[in-house]
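Remarks on the structure that follows.
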Protein chains: 2
Amino acid sequence: MPTDAHATSRVRPADELRQVALEQFSTVGFAATSLQQIADHAGYSKSSVLYHFASKEALLESAIGPAIDDLEVLLGDFVAGGRSPEARAVFIERFVDFLLGNRLAVHTFVNQGQSLLDIPVIQRANTAIRGIADSICADDATVVENIRFGVALAGAAYMLVAGATFRDEDHQFDDVEVRAALITVLSELLLPADGRSTR
Amino acid sequence: MPTDAHATSRVRPADELRQVALEQFSTVGFAATSLQQIADHAGYSKSSVLYHFASKEALLESAIGPAIDDLEVLLGDFVAGGRSPEARAVFIERFVDFLLGNRLAVHTFVNQGQSLLDIPVIQRANTAIRGIADSICADDATVVENIRFGVALAGAAYMLVAGATFRDEDHQFDDVEVRAALITVLSELLLPADGRSTR
DNA sequence: GCAGAATCTGACCGATCGGTCAAGGTACCT
DNA sequence: AGGTACCTTGACCGATCGGTCAGATTCTGC
């Protein structure tokens with residue numbers, strides 16, 4: 001018997017499963033999310049999930065892989081360009097847009113990147129993050145610089161998903177406001193300011 | 001038998017298990033950590049773990065409960081005191097010391113606080129965090145203010161544990177340096193600065 | 001209409017999960 | 001020696017885990 005729960009759905013099943021899985025992975029955690037839960041949320045059976053994706057790991061890879069691709073492009077462009085304050089400003093804006101456009105994926109590998117080190121796509125993500133850190137902070141960067149960078153990136157990533165937990169339902173932020181605020185705060189942190197050295 | 005006056009006192013099993021469990025919970029995740037893993041790491045059997053703690057949840061509660069107690073005291077003192085820049089500066093310093101002294105517990109409920117909402121001690125932690133946010137940010141705080149606060153706290157918490165992942169083995173930070181750097185960065189974010197409003 | 005590919009599903013597998021229980025070990029008390 | 005309170009453990013339980021597989025169903029090109 002066909003279940004018309006998703007019979008009329010024109011969304012491709014694989015995409016739908018990716019989205020549901022990403023929501024679970026980012027909020028509940030990869031290990032804590034079972035294939036059965038993903039299947040239930042998406043309206044499929046567990047077997048169907050494993051038909052579209054060879055394994056739970058492959059599903060994770062498929063869900064956050066594109067975001068890592070974007071991040072690597074972002075990193076490449078930044079490394080190719082200069083490290084002037086102007087270039088940094090452009091990078092910050094693009095980086096915030098990246099965070100907003102891939103918030104679930106970002107939250108997943110930022111929060112769980114250290115516990116999933118044996119998964120290839122996570123290794124790719126960690127490498128990219130380290131690359132960005134190396135690019136922003138010179139080799140002779142001070143501890144303060146490294147802390148500043150880590151606080152900025154991790155804090156920004158956290159605010160996009162978990163931060164919503166601490167807001168009332170009717171006090172949720174507007175994405176446009178969040179974008180502007182994140183750019184402001186990250187600029188304060190990562191751009192040279194009067195009387196402060198960034199390297 | 002409570003009193004053991006021998007010079008070399010054995011480590012109490014419950015404390016040892018708490019420590020091992022906390023290391024696992026903070027790095028691998030609560031759901032992803034099995035009682036068997038904890039038992040193996042501590043050199044006990046799974047049954048012994050469940051002898052000292054009624055359940056996996058009770059073990060979590062026992063492991064991060066004291067940190068939440070400290071956080072609540074910290075919050076209470078700050079609320080009782082003023083919100084002057086000087087009071088904020090004192091709070092920031094105490095907060096950083098709290099983070100350094102409870103880094104594993106903090107990392108656990110900051111990163112997983114949203115996925116463990118049904119556990120009492122986690123609810124307590126979330127309430128405390130929200131209380132701190134309300135105290136630092138006035139009701140009429142701008143979006144930028146909220147973002148700044150969230151980035152600061154989440155970023156700082158993340159840097160203490162996960163941040164170590166992105167450092168080479170022989171380039172680890174010194175705690176004294178980290179303390180000073182965190183105070184610097186958090187002060188930049190949360191204290192009123194020239195030409196910028198904090199509320 | 002029909003063949004074949006694509007999709008979906010329930011039954012099933014070995015492993016592991018959190019948790020229970022009774023038996024045994026050990027140290028100190030009288 | 002017995003008693004007893006504390007500690008540790010293996011055997012065991014039902015449930016669920018990720019994953020396999022054969023078969024039923026739907027879709028598509030001819």
Side-chain angles (χ1 to χ4, degrees), chain A residues 1-22 24-25 28-64 108 112 115-116 118-122, chain B residues 1-22 24-25 28-64 108 112 115-116 118-122:
Chain A
M1 267 338 238
T3 57
D4 54 21
H6 54 274
T8 59
S9 166
R10 296 171 182 247
V11 185
R12 284 166 43 181
D15 292 336
E16 195 178 353
L17 289 172
R18 249 187 297 267
Q19 178 63 24
V20 170
L22 200 45
Q24 296 295 305
F25 291 161
V28 184
F30 176 75
T33 300
S34 68
L35 293 176
Q36 190 66 62
Q37 290 174 29
I38 296 172
D40 290 346
H41 273 84
Y44 291 91
S45 70
K46 190 179 70 171
S47 298
S48 284
V49 178
L50 285 164
Y51 167 76
H52 289 285
F53 302 94
S55 67
K56 188 181 174 186
E57 227 175 78
L59 176 52
L60 173 69
E61 174 121 12
S62 175
I64 74 174
T108 299
Q112 306 175 55
S115 62
L116 307 172
D118 50 342
I119 300 181
V121 73
I122 297 289
Chain B
M1 219 20 73
T3 54
D4 189 358
H6 286 60
T8 54
S9 62
R10 277 178 47 200
V11 182
R12 284 165 45 180
D15 292 336
E16 196 177 353
L17 288 171
R18 249 187 297 266
Q19 178 63 23
V20 169
L22 200 45
Q24 296 294 306
F25 290 160
V28 183
F30 176 74
T33 301
S34 68
L35 292 175
Q36 190 66 63
Q37 289 174 30
I38 296 172
D40 290 346
H41 273 85
Y44 291 92
S45 70
K46 191 178 70 171
S47 299
S48 284
V49 178
L50 285 165
Y51 167 77
H52 290 284
F53 302 95
S55 67
K56 189 182 173 185
E57 224 175 83
L59 176 52
L60 174 68
E61 174 121 14
S62 175
I64 75 174
T108 299
Q112 306 175 55
S115 62
L116 306 172
D118 51 341
I119 300 180
V121 73
I122 296 290

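Proteins get letters first, then strands, A, B, ... in listed order; numbering begins at 1 in each. All values below were derived from every heavy atom in this structure, side-chain atoms included, with hydrogens, water molecules and symmetry-related copies excluded.
Atom CZ in B/Phe30 sits roughly 13 Å away from atom P in C/dC17 (whole-Å rounding). In this structure, B/Gln37 atom CD and D/dC17 atom C1' are separated by 14 Å, rounded to whole Å. As rounded to whole Å, 13 Å separates atom P of D/dC6 from atom CZ of B/Arg12. For the pair A/Phe25 CZ and D/dG18 P, the computed distance is 9 Å after rounding to whole Å. Per the geometry, CD belonging to B/Gln36 stands 11 Å off C1' belonging to D/dG10, to the nearest Å. Regarding A/Lys56, its NZ atom lies at a distance of 13 Å from the C1' atom of C/dT16, rounded to whole Å. Taking atom CD1 of A/Ile38 as the reference point, atom C1' of D/dC17 lies 12 Å away to the nearest angstrom. Following rounding to the nearest Å, B/Glu57 (CD) and C/dC17 (P) show an atom-to-atom distance of 18 Å.
Under a cut-off of 6.0 angstrom, the local environment of NE2 in B/His52 is crowded, with over 12 non-hydrogen atoms contributed by other residues, nucleotides or ligands.
Rounding to the nearest 0.5 angstrom, the gap separating the CG atom in B/Leu60 from the CD atom in B/Gln24 is 13.5 Å. Interatomic distance, CG of A/Leu59 versus CZ of A/Phe30, reported as 8.0 Å (0.5 Å rounding).
A sub-4.0 Å separation between OP1 or OP2 of C/dT16 and a side-chain N or O of B/Ser34 is absent. For the pair A/Tyr51 and C/dT7, the criterion of a side-chain N or O lying under 4.0 Å from OP1 or OP2 is met. Applying the 4.0 Å criterion to OP1 and OP2 of D/dC6, one finds that B/His52 has every side-chain N and O outside that range.
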Requested in this report: Show your working on side-chain contact (heavy atoms from CB on, under 4.5 Å) between A/Ile38 and A/Phe25 and close with a plain yes or no.
Outcome: CA-CA 10 Å; A/Ile38 296 172; A/Phe25 291 161; 4.0 Å; yes
Query raised in the report: Should B/Val121 and B/Leu116 be marked as a side-chain contact (heavy atoms from CB on, under 4.5 Å) after you check the CA-CA gap, both sets of side-chain angles, and the distance that decides it?
Result: CA-CA 9 Å; B/Val121 73; B/Leu116 306 172; over 6 Å; no
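A 4.5 Å side-chain heavy-atom check between A/Glu61 and A/Phe53 finds every atom pair outside the cut-off.
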Pick out the pairs of N or O atoms, protein on one side and nucleotides 20-22 of chain C on the other, that lie under 3.5 Å.
none

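Among the atoms of the strands shown, base atoms are found under 4.0 Å from some heavy atom of A/Ser48.
For A/Gln19 and A/Asp15, the side-chain atoms include no donor-acceptor pair closer than 3.5 Å.
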